[in-house]
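The block underneath contains the structure these notes are about, expressed in structure tokens.
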Amino acid sequence: MKITQLVILFNYQKILLGIVISVLLYTSSFWINFNPVILLLRILSVIIILNIIGSLIASYLLYDKSDLYELNNLKEIVDFEKIENAILVHASFDPLSKRLEEKYPDLNLTVCDIYGNRHEHEKGIGTSKEIFPPNSKEIKISPDKLPFEDRSQDVILALTALHEILDHHQRVLFFKEAKRILKNDGVIIVSEQFRDATNFIFFNIGAFHFLSQSQWKKAISEADLKIVSNQKITPFANMLIIKDKNIKL
């Protein structure tokens, strides 16, 4: 429940606003004598409450009950016990690096926080960092310049982070940099929610926070990379396995 609690903390103002609007709509229905309007107000009131409940259930299933931060479904793709260098990219929220370091003590893991992401100035970020303290070896990165040598990394992990690169050109530059530093047999693993029908149903306008699947494909392709696997983690998120387009599998 830890991450779901943080989701509530980050969005409590929106949740409270939704509850207030729902109560006002329902209360207003008792002051109106026109039956169709009464029914409409009460339906809208219920829809708002159901949407809040649905978004919290979806967050729980995605962040606390799925394989998102367990990475068990990567066993056939990456053997963390055999690789040498890996990069974990996050956006001011890192629930994974300590777990990876404890599980794979021989892994040379570099933790990178995307500089200037939207989460940096959110009110709940302090509490988030108390629950998941920043890695002592964490570095700040700019998406268009990754401070690593060419062909030096086996794996680049970016879990629910890269949508914080808001500009398409910057996303392309990030993937070009990722390609540059990736070994020939290396992989980029990107887990993200898409701006799709399912996320609109459960997260409403919050789905605009994410990118569409076609936007991801476009940025990855323009960086001369290819998606070799697109796996569903839950109905709300996908895991993209990306490799160099010029390297034969």
Side-chain angles (χ1 to χ4, degrees), residues 58 61-63 66-80 82-91 93 96 100 109-110 112 114 117 141-146 148 150-200 202-203 207-249:
L61 293 175
L62 173 60
Y63 295 113
S66 77
D67 191 58
L68 179 63
Y69 295 117
E70 298 299 328
L71 307 180
N72 292 321
N73 59 348
L74 292 178
K75 290 179 179 178
E76 296 182 2
I77 299 168
V78 178
D79 188 345
F80 285 99
K82 293 183 179 179
I83 65 173
E84 183 181 1
N85 299 317
I87 295 171
L88 173 64
V89 180
H90 70 82
F93 174 65
L96 183 58
L100 281 173
L109 179 69
T110 305
C112 301
I114 299 173
N117 71 80
I141 61 165
S142 175
D144 58 356
K145 186 62 179 176
L146 301 182
F148 303 96
D150 296 0
R151 303 295 179 192
S152 61
Q153 303 299 316
D154 298 284
V155 178
I156 300 172
L157 278 168
L159 308 187
T160 64
L162 297 187
H163 65 272
E164 290 296 331
I165 304 174
L166 303 181
D167 179 69
H168 172 74
H169 179 63
Q170 286 288 306
R171 282 194 296 275
V172 174
L173 290 178
F174 172 84
F175 281 117
K176 284 184 176 181
E177 279 289 279
K179 177 187 174 183
R180 175 185 65 79
I181 66 175
L182 204 65
K183 293 181 181 179
N184 287 341
D185 57 348
V187 294
I188 304 167
I189 300 165
V190 175
S191 292
E192 287 287 349
Q193 289 176 260
F194 290 158
R195 187 187 299 171
D196 57 18
T198 301
N199 280 299
F200 270 115
F202 282 87
F203 295 97
F208 285 107
H209 188 73
F210 309 112
L211 304 174
S212 68
Q213 187 169 186
S214 61
Q215 286 176 299
W216 286 113
K217 288 181 177 179
K218 189 172 187 293
I220 291 165
S221 177
E222 288 181 14
D224 211 22
L225 295 164
K226 61 182 175 182
I227 300 171
V228 298
S229 177
N230 184 350
Q231 307 172 11
K232 273 285 182 187
I233 303 171
T234 71
F236 317 106
N238 289 53
M239 179 174 284
L240 306 178
I241 310 300
I242 303 164
K243 291 197 173 187
D244 190 328
K245 188 181 290 186
N246 302 311
I247 304 298
K248 292 183 178 180
L249 299 178

Check whether any side-chain heavy atom of Pro143 sits under 4.5 Å from a side-chain heavy atom of Ile141, and report yes or no. no

Could you work out, with side-chain contact (heavy atoms from CB on, under 4.5 Å) as the rule, every residue matching Ser142, not counting sequence neighbours? Asp144

Between Ile114 and Leu162, is any pair of side-chain heavy atoms under 4.5 Å apart? yes

Any non-hydrogen side-chain atom of Phe80 less than 4.5 Å from a side-chain atom of Leu157? yes

Beyond-backbone contact of Leu240 with Ile189, side-chain heavy atoms, under 4.5 angstrom: no

With sequence neighbours excluded, what pairs up with Lys218 under the salt bridge (Lys or Arg N to Asp or Glu O under 4.0 Å) test? Glu222

Which residues pass the salt bridge (Lys or Arg N to Asp or Glu O under 4.0 Å) test with Glu192, sequence neighbours left out? none

Sequence-distant partners of Ala219, side-chain contact (heavy atoms from CB on, under 4.5 Å), two or more places apart: His168, Arg171, Val172, Phe175

For the residue pair Val190 and Met239, establish whether any side-chain heavy-atom pair is separated by less than 4.5 Å. no

One pair to check against salt bridge (charged side-chain N to carboxylate O under 4.0 Å, His left out): Asp224 and Lys179. What are the steps and the verdict? CA-CA 8 Å; Asp224 211 22; Lys179 177 187 174 183; 3.0 Å; yes

Shortest non-hydrogen contact from His163 to Trp216? N-CH2, 3.7 Å

Steps toward side chain to side chain contact (heavy atoms under 4.5 Å, CB included) verdict (Ile220, Lys217): CA-CA 5 Å; Ile220 291 165; Lys217 288 181 177 179; 5.9 Å; no

Set out, in order, the CA-CA distance, both residues' side-chain angles and the distance that settles side chain to side chain contact (heavy atoms under 4.5 Å, CB included) for Leu146 and Phe174, then state yes or no. CA-CA 8 Å; Leu146 301 182; Phe174 172 84; 4.1 Å; yes

Pair Arg151 + Asp244, salt bridge at N-O below 4.0 Å: yes

Side-chain heavy atoms of Ile181 within contact of Ile156, under 4.5 Å: yes

Output for pair (Leu166 CG, His209 NE2), nearest 0.5 Å, gives 8.5 Å

Would you call the rings of Tyr63 and Tyr69 parallel, tilted or perpendicular, taking 30° and 60° as the class edges? parallel

Report the distance from atom CG of Asn184 to atom NZ of Lys243, rounding to the nearest 0.5 Å. 10.5 Å

Report yes if some heavy atom in the side chain of Gln231 is under 4.5 Å from a heavy atom in the side chain of Ile77; otherwise report no. yes

Hey, are the side chains of Val89 and Ile87 touching, using non-hydrogen atoms and a 4.5 Å cut-off? yes

With no hydrogens and no angle check, just 3.5 Å: does a side-chain donor-acceptor pair link Glu164 and His90? no

From CA spacing to verdict: side chain to side chain donor-acceptor pair (under 3.5 Å), Asn85, Gln153: CA-CA 5 Å; Asn85 299 317; Gln153 303 299 316; 5.0 Å; no

Apply salt bridge (Lys or Arg N to Asp or Glu O under 4.0 Å) to Arg180 and list each qualifying residue two or more places apart in sequence or on a separate chain. Asp150, Glu177

Could you pull out the closest heavy-atom pair between Leu159 and Ser191, with the gap in Å? CD2-OG, 3.4 Å

Would you sort out whether Phe236 and Phe194 count as a ring pair (Phe, Tyr, Trp, His ring centres under 6.0 Å), showing the intermediate values? CA-CA 7 Å; Phe236 317 106; Phe194 290 158; over 10 Å; no

How many angstroms lie between CG in Leu68 and CD1 in Ile233, if you round to the nearest 0.5 Å? 5.0 Å

List for me each residue that meets side-chain hydrogen bond (donor to acceptor under 3.5 Å, both in side chains) alongside Asp185, sequence neighbours excluded, and say none if there are none. none

Apply side chain to side chain contact (heavy atoms under 4.5 Å, CB included) to Ile242 and Val228, showing your working. CA-CA 6 Å; Ile242 303 164; Val228 298; over 6 Å; no

Of all the heavy-atom pairs spanning Ala161 and Ala91, show the shortest one and how long it is. CB-N, 3.9 Å

For Lys183, look at atom NZ and say whether over 12 heavy atoms of other residues, nucleotides or ligands are found less than 6.0 Å away. yes

Distance-only donor-acceptor check, side chains Asn238 and Asn230, under 3.5 Å: yes

May I have the step-by-step check of side chain to side chain contact (heavy atoms under 4.5 Å, CB included) for Arg195 and Phe200, ending in yes or no? CA-CA 7 Å; Arg195 187 187 299 171; Phe200 270 115; 3.7 Å; yes

